[in-house]
Visitor: 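Questions regarding the structure given below will be posed in turn.
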Amino acid sequence: MQLSAPTGLGEPTCTDARATRGGSTRTTRAKGLEAVQLAGTVLAAFRKAAFEQPALDGVATELDRPVRAVAGDEDFVTALLVEFRPDGTVRFVNCGHHPPLLLSPHGVPPRFVDTGEPQPPLGLGVRGTSTSLHWSPEQRMLLYTDGLVEARDRSGGFFPLTQWAPVLVEPSLDGALQELLAGLRDFSGAEVSDDVALLLAENVRR
């Protein structure tokens, strides 16, 4: 599997552990230093839990505890936890986050991954229920924070992510993300804000 993520976009995206485990997170309501501290708590807990917990469900539960311990009454963290297994299985625990976009070659339409019944964000009592799918060689998967799909143009319309899917199957992962970010800038008429984080993964198994 190959991974690419542009730098300097603000929201924490992390990869770690024995099978490849990753996550995309976003703090909600907390601002400034409080948001940075909360995000740091989540990332530190993730790196520990990803090695200690045998199942992704357990990772989510372990992340929920420190968020509840340090977050304010109205603070929480949305998170998408993903585990890429060597056999091509991909497991998900979605804690109030946007679903990944699955991209296939040869003109197959993109689709959002069904990550199961919606679950509460971290800090609000995560149940840690996981779902899975099997992804094929050459397929790609985009993880992203809400700053991407909630970006608006001058008329108030939201960024049409699926319409930009063709650029995400370009040969270079880095090039694909740069094309997407350029499209986002053109769409919004402004620089990409610091609440956008992207991670593009490709199944390179043969």
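Predicted, not measured: the structure shown is a model, and the values here were computed from it.
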Visitor: Could you report the tightest heavy-atom contact between D64 and G125, atom names first, then the distance?
Guide: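 That closest heavy-atom pairing would be OD1-N, 3.4 Å.
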Visitor: Could you check whether D153 and S155, counting side-chain N and O atoms only, form a donor-acceptor pair closer than 3.5 Å?
Guide: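 Indeed, the side chains of S155 and D153 share at least one donor-acceptor pair under 3.5 Å.
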Visitor: Could you state the interatomic distance from OG1 (T61) to CG (L56), rounded to the nearest 0.5 Å?
Guide: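 Answer rounded to 0.5 Å: 10.0 Å.
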Visitor: I need the Q178 CD to E170 CD distance, nearest 0.5 Å.
Guide: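 If we round to the nearest 0.5 Å, Q178:CD and E170:CD are 13.5 Å apart.
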Visitor: The criterion is ring-ring contact (aromatic ring centres under 6.0 Å, His included); which residues satisfy it with F92, sequence neighbours excluded?
Guide: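 Once residues adjacent in sequence are excluded, F92 has no partner under the ring-ring contact (aromatic ring centres under 6.0 Å, His included) criterion.
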Visitor: Could you report the tightest heavy-atom contact between H134 and T89, atom names first, then the distance?
Guide: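 Closest approach of H134 to T89: ND1-N, 4.0 Å.
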Visitor: Would you mind reporting whether L143 and V82 have side-chain heavy atoms less than 4.5 Å apart?
Guide: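 When only atoms from C-beta onward are counted, L143 and V82 do touch, with a gap below 4.5 Å.
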Visitor: Side chains of V77 and P121: closer than 4.5 Å at any heavy-atom pair?
Guide: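 No; the side chains remain at least 4.5 Å from each other.
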Visitor: Given 3.5 Å as the limit, does a donor-acceptor pair link the side chain of S130 with the main chain of D57, or not?
Guide: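 Not confirmed, S130 side chain does not pair with D57 backbone.
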Visitor: For D114, what residues pass the side chain to side chain donor-acceptor pair (under 3.5 Å) criterion, not counting sequence neighbours?
Guide: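 Residues passing side chain to side chain donor-acceptor pair (under 3.5 Å) with D114: none at all.
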Visitor: How long is the gap from CZ on R85 to CZ on R91, to the nearest 0.5 Å?
Guide: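 If I round to the nearest 0.5 Å, the distance is 9.0 Å.
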Visitor: How close do A201 and F84 get, heavy atom to heavy atom, and via which atoms?
Guide: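 Minimum heavy-atom contact is CB-CZ, 4.0 Å.
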Visitor: Can you find a heavy atom in the side chain of L142 that is under 4.5 Å from one in the side chain of L180?
Guide: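 The answer is yes; the side chains approach within 4.5 Å.
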Visitor: Below 3.5 Å, can you tabulate the donor-acceptor pairs from side chains in residues 100-110 to any protein atom, sequence neighbours excluded?
Guide:
unit_1: S104; atom_1: OG; unit_2: Q139; atom_2: NE2; d: 2.8

Visitor: Following the transitive rule for hydrophobic clusters with a side-chain heavy-atom cut-off under 4.5 Å over Ile, Leu, Val, Met, Phe, Trp and Tyr, establish whether V167 and F158 coincide in one cluster.
Guide: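 Cluster IDs for V167 and F158 differ.
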Visitor: As an exercise, state the distance from CG of L200 to CG of L177, rounded to the nearest 0.5 Å.
Guide: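 So the gap between those two atoms works out to 5.0 Å.
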Visitor: Determine the minimum heavy-atom distance between E202 and W135, stating which atoms define it.
Guide: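 Here E202 and W135 meet closest at C-CH2, 3.6 Å.
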Visitor: Is R140 close to L168 at the side-chain level, that is, under 4.5 Å between some pair of heavy atoms?
Guide: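 No - every pair of side-chain heavy atoms lies 4.5 Å or more apart.
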Visitor: Would you mind reporting whether N203 and V90 have side-chain heavy atoms less than 4.5 Å apart?
Guide: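 SC-SC contact between V90 and N203 ruled out.
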Visitor: Ignoring hydrogens and geometry, is there a side-chain-to-backbone donor-acceptor pair from N94 to T115 under 3.5 Å?
Guide: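 No; zero donor-acceptor contacts below 3.5 Å.
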Visitor: Just wondering, do T78 and T145 contact through their side chains at under 4.5 Å, heavy atoms?
Guide: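 No, side chains not in contact.
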Visitor: Would you mind reporting whether T129 and E117 have side-chain heavy atoms less than 4.5 Å apart?
Guide: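 The answer is no; the side chains never approach within 4.5 Å.
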Visitor: Taking atom CD of Q53 and atom CZ of F46, what is their separation to the nearest 0.5 Å?
Guide: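 Here the rounded value is 12.0 Å.
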Visitor: How long is the span from the CG atom in L133 to the CE atom in M141, to the nearest 0.5 Å?
Guide: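 Separation between the atoms: 5.0 Å.
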Visitor: What is the ring orientation for W164 with F159, classed by angle as parallel under 30°, tilted 30 to 60°, or perpendicular over 60°?
Guide: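 Judged by the thresholds at 30° and 60°, the geometry between W164 and F159 is parallel.
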